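Each remark here refers to the structure printed beneath this line.
Residue numbers begin at 1 in each chain, while the letters A, B, ... track the order of the sequences. Since the model is a prediction, treat every value here as computed from it, not as a measurement.
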Amino acid sequence: MPATLRCSHAIPLIAGLLAATVAAQSGDLSLRTGAGAGPIVLKGPEARSQVIVMEGKNRDLTREVKFTLEPAGIAAIDSSGYLVPIGEGETTLVVTSAAAGATPLRVPISVIDFAKPQPVSFTNDVVPVFTRNHCNAGGCHAKASGQNGFQLSLLGYEPASDYDNIVRYSRGRRVAPSAPENSMLLMKASGELPHEGGARLKKGSEDYRKILRWIEGGVVFREENEATVERIEVFPKNIVTTPGSTQQLVVSATFSDGTVRDITRVAQYEANQPERATSAETGLVTFSNRTGSTAVLVRFQEHIDTFTAMIPLGGQLTALPEAANFIDKQIFAQLGVMGIPPSGDTSDSLFLRRVTLDIAGRLPTLEETAAFLDSTEPDRRAKKIDALLDSTEYADYFAGKWAGILRNKVDSGVDWIARDSHAFHAWIRSSLNENKPYDAFVSDLIVATGKSIENPAVNWYRVVIDGKERMENIAQVFLGIRMQCAQCHHHPYEQWSQNDYFAFTAFFSTLEKKGVPKLPEEDIYFHAQKAALVEHPGTKEKLKPKLLGAAAPLEIPATQDPRTHLAQWMRAKENPYFAKMLVNRYWKHFFSRGLVEPEDDIRPSNPATHPALFEELAGSFVASGFDLKELIRTITNSRTYQMSGDPNEQNADDEQNYARYYPKRLQAEVLLDSVNDVTGAVNAFTRQPQAVRAIALPNERGTLESEFLMMFGRPSMDTACECERTGEANLGQSLHLLNSDTIQAKLTAANGRAATLAKATDRSDEDRLSELYLRALSRGPGPEELAIALAHLKKKRDFSAADPARLPKAQAEKEAFEDIVWVVLNTKEFMFNR
Amino acid sequence: MRVLLAAACLILIPLPGFAFMPNPDLLTVAPAVAKAGTTFEMTTTGKELEGAKALRFSHPKITAAPVLLPADDFYPTPRPVEGKFTVTIPAEVPPGVYEVRSHGYFGLSTARPFVVFPSGSAEILESGDHSTAETALALESENGVLGTLDAGRFDWYRFAGKKGERLLLEVLAERLDAKGDVLMAVFDSGGRELENSRHHFGRDPFIDFTPPADGDYFVSLSDALYGGGREFFYHLRLSRGPHVDFVFPPAGEPGQKRAFTFFGRNLPNGSLGDNWSVKGKPLETLEVSLDVPAEATVPTSFSPAIPRESMVPTFEHTLAGANPVSIGFATAPVVTEDAKSEFQTVAVPAEIAGRFDLPGDVDPFRVSLKKGTTYWIDVFCHRLGVSADPVVTVEKIAKDAAGKESYTLVGTNDDLPSFYSQESLDDLNADSLDPALSLVPDADADYRITLGNQSGGGSAAHLYRLAIREAKPDFQLITGTEFAKTINNDAFPASPVLRRGGSVVYRVIAFRRDGYDGDITVTAAGLPAGVSAKPLVLSGSSSQGFLTLWATPDAAAWTGAIAITGTAKIGGKDLVRGARPASIIWGKRVFGNQAQVRSRLDLETVLSVLDQEVEPTRIELKEDKVWTVELGKSLDFPIKLTETGTRVGSLAVNVHGFPGLKRGAPTPTLGETEKEGILKMAFTPGGNFELKPGRYQFVLRGVGNAKYRQNPAAAEAAAAEVARLKGLKAPFTEEVAKAKAIVVAAEKTLAEAKPREASTADDAARDALKGEVTAAQAGVDAAKKVVQDAEAKLAKLATTEEAAMKTATALETKAKERTQQFATYSLPITVEVTAAVVKK
């Protein structure tokens, strides 16, 4: 597409979004509490409610309005909107806004059972006190060994165990129902008895009284018919706000008896980007002056919900490029909301270099560059993308990526393991080459059985040996769920319990290995025909396989491999994790950052920067039949991908809205191959064909053999996380490119590029320099670059002419070109995909 | 790539890392394939092949004669080139895979496969560097090419493909004992990979390729680890001809005529109507009616498969132009699986021909069984070459009052017990993944017999035979020879070599069918004079043992095939079964428990008796009798050694091949001068000794060191040759001197004649003198030529002598006395272990 910005049909969409904000400014007030938007009922003397007042959808006026209660004496409210009962009866909350023309809001309030304190629930009232006061934090009583003999479950996820620890263990000395105030639990917590953690609860405070009343009530674990929390919900869910503003949140809990209660002041809040927003225990979120998207995790018991906010830059967008597909529509819409003007379209030469590096893992050849730059076909970019996807190099490059994720290690490297590892890599590569649907690829891997030489997919089980690790890797790699925490305790940021962890592990519990005497490469991985069960280490319960999020475990006959059920569930179109994980991984490949970061940690508490795009991209991937090439086609054909990497005045700081292309350092293998392509050198690796390209290396051996690959962060394949690959640029790398023996040998090789160019005396200097620049940067040298290079050639030639004995002419030519190649290799332009 | 036959002939193989007596191991023959009706040069490489003057082929009509260098000035008679033979395959030798062995100083070597193609086959030669697509060698349809992979490189071929035609590319490599794990890929002319394959037939690749358009296509071959060298040879064929994948049912009842469906590609009149496919490629079917022979015969063609697979009795059938396929002998009436039935009822006895259609397929069958009858459920699947790990379960079916069925597990089997154990020092892979179990119903009832595949694969080609029938006891034997080893994981191919006064053992493994637990008496026949064996009796307690051959101190040199057979009395009749020889394919010295040892069957059981070497020690018990001991008691076995006096240091004696005896077996050591000793053995069952009353046989194995000189005769002959060549120097020098003298004389004559001619005025006389000068000049020239020739001969003699000296030095080094490890074996020793007497 021509590299110009156009006013387009995206503008009305932006205008629409802005219009919503304008309407809200007209004084459209709304009020609600954690228990909802209707009349407020406060039951019992300890009932509490947080009130928020919103103007429109995005502006919090809670701290700006005036609250009055008519009549007084029934309830009291402070300036933060915190409402408490003070007597039985009815009253009305009147909210007046300073905003001109706003009609006061009137909300009825009833206080009932004021004289009748409600029973204190251990789970719903007492345990949250521990959580709120950090008694059950990982560094305190929830450490694996507890603290000074007293142990609580992490963040109170196991109330039953907490109850036992308080009431039953240590001979029950922690609570004294006969003299509740003398209970060690309270005396320690309030600092009346020495407590390493200090005085956490002020004597007489609300939290103190809650525990006291629970002890007075006879330390009951659970009242008969006691309701349990089924879900929590934060309000508002998402807003578009301004830098430096605040937002009061309210949180409701829906109980099993159908009641909804305000838990705003007992829930916990955690901001995911403290540099953009901080959260207080009261549920008040304070935004910094940084723009961008941010989120706050809200947690109560094992339930979580998330509040997200966009803090726009507020720039003036006069025009947006025409959207090429739904990606652009979503990205541009958000840019509109955020007020960040995007950079323009990238040049053909940069596009060619970018897309070739991203899809085929190499620089474009001279011929490809010439053909592409000469082309006037309007769809040349789309055609180039198709050609690259159709090349075997695409399979080579992405097979390397997947070999790392799937940990294709050889470790000791004996022949038979190397053979298995090569076969696994070849299997991945063939799957990509034939564009096997991703769901089939994953399913084949998960249900793999047999001999590695016949079904190389079983190699994954050769490398990942432990059942728990298998489960964790599968969850992380293919579902974006990190289950690791849940092995020891309920996941702190997730819904997953220990029970979920081990029941999910049970899918791998029947997989066994049968050794073939004296022929380990023929070992057979098989489903032993037995019931799939894994023991919960705490409860000792034998858990059957249970799918994540499922209500009940599966009943799988011994004849069936439980992994087939797992694979079926994973690849089902409606699986909420599977497609998202992959599209996020691939999005990151092309854009340097995931829609969710890290790309394999997708959870409600870590929301996407573009939730709607995330959904749509995943949906389109599913609809395409899990077609990986089609996904890449969709991404790379977008204007967003084809945007220039040069920032404009307003988008230089943007890190999450894709207002410009984010340049990235070439991956270790790609960089090595590119250095070779420019210098005319080739690789030599053991158990590999001569001149193998680094992107085609199958396992971690190449990294161990190459200082270059190690230096530039090729993964050693120890984990399933792509974060093992480092994309950072550091001093060591610069020094390596500047003055290592490796690079020197490549530069000065007798048949290298510099030598060849130097010998081609029938060509003009300009022509030869142009070739070098085209090879390295897919563009010819600029006038200044050309002048400098020509001057350098002249300098060397003059030196030789003056003293041919010291520097013979041929040597001078070769050295001059070596110097110029060296300079080109050391430019950021070469090292980065931009 | 290039077949550099001429250059690759005489590579010195270093002495093997193990320090046992030399044993000839043939590593490669090149070419390993040839056409019938041709004569060609074959190069052999291997270990301890010295002095090979002949090759032995398993087809007697294939002959080989050493390549001879013609007689010359220094060698009055033609002399052989070591490792090179002129091989002739008469046109009448049928195509197939045969065995070849080298026959040298140490007798017959191990065997390597050798393929004979029909005389009309279109074999082409690999030539030049074709390691890139640009330099690819052209293949035509039906071309076969024998090539060799180079380390780190690919071999490229190209061919013209027509849209829609079905092309088959098949590589033979592992199946010919080549070391390569070959990867094959097909590319279009744009460099895009369209197909790839490895491990289709074992490790060998196969590609069924239908070009998407007319054009040039490319094939690349490489080793999976990019290894190369002469051991990485392969044969590639591009064919449009028929290929049979498998036959269904996989077995027919002996002596009956029945219809078999051939599944394959490019089958003449084959049908695609049934929509079968394997690995995404459609399979054609063709129904053929065949007579199943009444009796199984021992196959005469080489089988590259694992031993257990090769032991399944089959007969072969070849569709015109296609590859031969094996069809089994059903052990009960054949019933085919009804793929549509979820729970098929089958009348027993039956042999169900079925398949695991899909991964995870589980096939249940309902049978009615009779109380008190011993049934055997025997599965053939892995042994059919199918990549599967079947498991069988048997459940008894009961019905409640409402007619609802319930199932009670009464038996299950995954695999039969392994023949392998760390202690048995066994390297032959005699195991299979096929299950079998017996069942004696406690009542007349219906049973559910379920067959599943644990290793997951499933396709049209995942065939099985599930036999449900009464017991038909039978047995089969395989034998193997092996090196005595220093490390348990080491495994080296070995050829049975018997030195004078020495011993050699054949490991005998018995596959007992349907739980046959009677005696199997193993004997050797066809032994030459001076060689004896004592029958090995494998009692019901054992399925493995050692048959020892002993040579007398004056045994004559001999090589040839012998026959080892087992005899068992089954059903009142003597059942005689020939043992089939097996061997390890490649030797491996391994540290750590990661040996990779592959084994397969050979065609011939051979023996070599050497008359030029003597074994240092013979070990035996003082008394030859059946020893009796009560369980829990000990027994002293007095040992006697007969020695030549060359032994150095002590002899470690151990019990070899005692079933159930694990670590901790007694190992008496006899000092250098000791000729007698005691083996004290406690017959107490325990952690390392699984022992029950019964009759057992074992051998004593003594391992020691002895003074040894390797082939001193060759060293002497070589030294004599050097001396002879040195002796030739004087006459040749004299010849040079003589010739030089003649030159001097001739020059003198010339010098005299010239002035005379010049000073003569008389025309006639001048003419005469002119003739004289010319003649004198000719004399000088001739004499100079003689000098030149003689000097050239002398120079050639010097290089010949140098080469001879090099050879002589090498042989002398080998022949120098050194200490060499040896192993010696006793004849089988029989022990009757009786039950412990219960004291009252």
Side-chain angles (χ1 to χ4, degrees), chain A residues 387 390-393 395-396 412 414-423 426-427 429-430 433-434 444 447-458 510 512 514-522 524-529 557-561 563-564 684-692, chain B residues 131 151-154 181 183 187 190-196 198-199 202-203 222-227 280 306 359-360 362 364 387-389 391 393 412 414-415 418-422 426-431 433 450 452-457 489 491 588 590 592-599:
Chain A
D390 204 31
S391 73
T392 307
E393 286 150 322
D396 284 337
S412 66
V414 297
D415 270 8
W416 70 265
I417 291 182
R419 193 168 279 132
D420 284 354
S421 150
H422 285 207
W427 175 79
R429 184 180 166 279
S430 290
N433 193 42
E434 69 197 40
D444 288 352
V447 304
T449 48
K451 297 176 190 179
S452 134
I453 48 174
E454 285 164 353
N455 182 10
V458 296
T510 64
E512 292 184 3
K514 187 184 284 189
V516 173
K518 298 240 168 182
L519 209 46
E521 68 185 56
E522 305 237 324
I524 295 159
Y525 290 83
F526 69 101
H527 156 62
Q529 303 207 343
T559 50
Q560 285 177 21
D561 189 333
R563 295 173 306 155
T564 55
F685 286 95
T686 53
R687 291 196 185 116
Q688 288 298 318
Q690 290 172 10
V692 63
Chain B
S131 62
R153 306 180 78 160
F154 293 85
D181 179 357
L183 312 181
F187 298 81
R192 176 164 166 65
E193 186 180 300
L194 303 176
E195 300 272 354
N196 70 50
R198 68 182 293 202
H199 291 278
R203 277 186 177 183
S222 73
D223 173 55
L225 299 180
Y226 302 97
I306 59 166
V362 174
S387 174
D389 180 9
V391 58
T393 53
T412 184
D414 178 3
D415 304 321
S418 174
F419 285 90
Y420 173 80
S421 78
Q422 190 83 353
D426 186 10
D427 299 322
L428 295 176
N429 183 355
D431 295 344
L433 298 171
T450 309
N453 175 15
Q454 294 188 123
S455 80
N489 291 310
K588 197 100 183 167
V590 184
N593 191 24
Q594 298 290 7
Q596 294 161 271
V597 185
R598 289 168 183 277
S599 51

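- Atom CD of E454(A) and atom CZ of R203(B) lie 12.0 Å apart (nearest 0.5 Å).
- At a 4.5 Å heavy-atom cutoff, the contact between R192(B) and chain A is made by backbone and side-chain atoms alike.
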Which is it for T412(B) and Q529(A) under the side chain to side chain contact (heavy atoms under 4.5 Å, CB included) test, yes or no, and what are the steps along the way?
CA-CA 11 Å; T412(B) 184; Q529(A) 303 207 343; over 6 Å; no
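- With R419(A) contributing its side chain and A224(B) its backbone, the two residues share no donor-acceptor pair below 3.5 Å.
- The contact between A151(B) and chain A is made entirely by backbone atoms, counting heavy-atom distances below 4.5 Å.
- Heavy-atom distances place no part of E512(A) under 4.5 Å from chain B, backbone and side chain included.
- Per-residue counts of heavy-atom pairs under 4.5 Å with chain B were compared for D415(A), D561(A), D390(A); the largest is that of D390(A).
- Interface remark: R563(A) contributes no atoms to any contact with chain B (heavy atom separation under 4.5 Å).
- For the set N453(B), D415(B), T450(B), N429(B), the entry with the most heavy-atom pairs within less than 4.5 Å of chain A is D415(B).
- Looking only at distances, a side-chain donor or acceptor of T449(A) sits under 3.5 Å from a matching main-chain atom of S455(B).
- Both the backbone and the side chain of T559(A) have a heavy atom closer than 4.5 Å to some heavy atom of chain B.
- A side-chain donor-acceptor contact under 3.5 Å links N433(A) to the backbone of E193(B).
- For I524(A), the part lying near chain B is the side chain, with the backbone staying farther off; criterion is any non-hydrogen pair under 4.5 Å.
- For the pairing with H422(A), the side-chain contact (heavy atoms from CB on, under 4.5 Å) check across L183(B), D181(B), L225(B) returns one residue only, L225(B).
- Heavy atoms closer than 4.5 Å to chain B are found in both the backbone and the side chain of A423(A).
- Of the two parts of E521(A), only the side chain, counted from C-beta on, holds a non-hydrogen atom closer than 4.5 Å to a non-hydrogen atom of chain B.
- Of all heavy-atom pairs between G191(B) and T392(A), the closest is O-OG1, 3.7 Å.
- In this structure, chain A has heavy atoms under 4.5 Å from both the backbone and the side chain of S387(B).
- Residue V516(A) touches chain B through its side chain alone, counting heavy-atom pairs closer than 4.5 Å.
- Here the side chains of H199(B) and K451(A) are not in contact, with every heavy-atom distance at 4.5 Å or above.
- Listed by chain and residue number, nothing satisfies the side chain to side chain contact (heavy atoms under 4.5 Å, CB included) test with A426(A) (two or more places apart in sequence, or in another chain).
- Remark: F685(A) pairs with no residue by the ring-ring contact (aromatic ring centres under 6.0 Å, His included) rule, at least two apart or across chains.
- The shortest non-hydrogen separation linking F154(B) to P689(A) is CE1-CB, 3.5 Å.
- A heavy-atom distance below 4.5 Å is not found between the side chains of P359(B) and V447(A).
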